[in-house]
Structures are given as structure tokens and as C-alpha cells.
Amino acid sequence: EAQVTQNPRYLITVTGKKLTVTCSQNMNHEYMSWYRQDPGLGLRQIYYSMNVEVTDKGDVPEGYKVSRKEKRNFPLILESPSPNQTSLYFCASSLYAGAFNTEAFFGQGTRLTVV
Amino acid sequence: QQPVQSPQAVILREGEDAVINCSSSKALYSVHWYRQKHGEAPVFLMILLKGGEQKGHDKISASFNEKKQQSSLYLTASQLSYSGTYFCGTEDSGGSNYKLTFGKGTLLTVNP
């Protein structure tokens, strides 16, 4: 089954404790991205990756890192989480980006709480 | 910059129609529409490319006015299953900006 898999689905952590949210897709997609969703703000892009060689900042990258060492995986890293990073996070992938943009497939989300 | 969606929320009775609008301050290459049900991931509805193409998906269709930098989503004879939050996502013209920027969403509630 074609899917984007995020782990964990729920996470409660303390301020400053490094964490990683994993994202994996099995559709051989080139483009992957991370979004955070907050009430009243919609989906805001954190980072995106055109392919394994190109990664760039989205609209709200502060406090986050990403890594794209292989095509299928795109983990989101919070080196020192703070309470303002409490949010619902979605990973998404699509076949291409830019002029050949196609539909994005979203993971099931990770609800992160930083206390 | 996020596209602006209107209305923010709409309540319908089953069988009624609705229109959701999405506008941008930038020239657009494409507009995407997604629906998200409560507690679930957003799900793709359709993409519209510049050229004013109108697309349909069951009783849901959309238009894209490139000159006005606007798109509208039309929901006809709404069903209970249409309830959810609708997001438009825009991709700017320009070639190098590979970002899909979403609006804040429109909450659609369909009641029996």
C-alpha cells in the first residue's frame, strides 16, 4: 500500500530534550516536506527537500533540522524543543515539485507536546 | 505569504451548495485543494494549473482565474461526507520557488 509513515504518532517531551520524528514513504517520491498545523494558522511548511541533494527552508524553519540521506526517509529533528513547538506535524511527499507538481500524500501526523 | 481563504467557516444543510474562495497576492502557477477531516491527514482533491482550467471531482469542482490570482472550490448538493476543513495550497510562478503554501482553511459543516 502506497503510504507516508510517521513515527511516533504522539509524543510528550520536556523542554530541551532532543527528539526526532521519522518520516518514510514507499512511493519513490522525489519531493518531501514537513508542515506544522496550529489552530487558526493552517498548514505551514517547515522544510522541504527536492531530492536527496537539495533541501531548503520553508516558512517556519527556526528550531528545526532535517536530513535527507536517502530518498525514502526525511526525519525532522528538534535539537532543543521549546513549548512553542507544541503542534501537530505532518510529513508529505509528492512525485515531483515545482512545475511538475503533483498531489501530495500526507502522513497521519505526529502530535507533539513540549512541557 | 499564505493565500487568503474565505469564508473561514460555513454551515450547510445536506443538499445545499457552497463556494470556497482562495486568493493570493502573487502570480500563481498552480492551485491545490485538500480536505482534512477531524483528526485525520489532509487528502488531495485536485490541482489546477494556470490557464483557467476547471476541474471536477464527483460533485466538487474548482476554477482557477490566473489573472485575478484566485481559485474557487464549488461543492454541489453537499453530502454529510463533505464536512471537514478545506485548504487551498498555492505554488508561485517563478520556477525556483518549490513551495506549496497553504491557506488557513475553511471549516465546512454539513448537517442533516
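Quick note on labels: first sequence line is chain A, next is B, and so on, each numbered from 1. These numbers were taken from a predicted model, which means no experiment stands behind them.
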Common cluster, B:L80/B:I20, ILVMFWY with side-chain heavy-atom separation under 4.5 Å: yes
For residues 102-112 of chain B against chain A, heavy atoms under 4.5 Å, the residues are B:F102, B:G103, B:K104
Output for pair (A:E103 CD, B:L45 CG), nearest 0.5 Å, gives 10.0 Å
dist B:L100:CG -> A:Y31:OH (nearest 0.5 Å) comes out at 7.0 Å
Looking at A:I12, I want to see if its CD1 is surrounded by more than 12 non-hydrogen atoms of other residues, nucleotides or ligands under 6.0 Å. no
Joint hydrophobic cluster, A:V66 plus A:M50, side-chain heavy atoms closer than 4.5 Å: no
List, one per line, each side-chain donor-acceptor pair under 3.5 Å for residues 107-115 of chain A, sequence neighbours excluded.
{"from": "A:T110", "atom 1": "OG1", "to": "A:Q6", "atom 2": "NE2", "distance (Å)": "3.1"}
{"from": "A:T110", "atom 1": "OG1", "to": "A:P8", "atom 2": "O", "distance (Å)": "2.6"}

Under 4.5 Å to a heavy atom of chain B? For A:Y35 that would be side chain
Is it the case that over 12 heavy atoms from other parts of the model lie below 6.0 angstrom from the CD1 atom of A:I77?
yes
**Request:** Determine whether A:F106 and B:F44 make a side-chain contact, defined as any pair of heavy atoms from C-beta on separated by less than 4.5 Å.
**Result:** no
For the CD atom on A:E70, are there more than 12 heavy atoms of other groups (residues, nucleotides or ligands in this structure) within a distance under 6.0 Å? yes
Cut-off 4.5 Å, heavy atoms of chain A, and the answer for B:Q8 is neither
Grouping I, L, V, M, F, W and Y whenever their side-chain heavy atoms are under 4.5 Å apart, do A:V52 and A:Y47 come out in a common cluster?
no
Hydrophobic cluster identity match, B:F64 and B:I60, side-chain contacts under 4.5 Å | yes
Do other residues, nucleotides or ligands put more than 12 heavy atoms under 6.0 Å from the NZ atom of B:K37? yes
Whatever's closer than 4.5 Å to a heavy atom in chain A on B:Q5 counts as neither
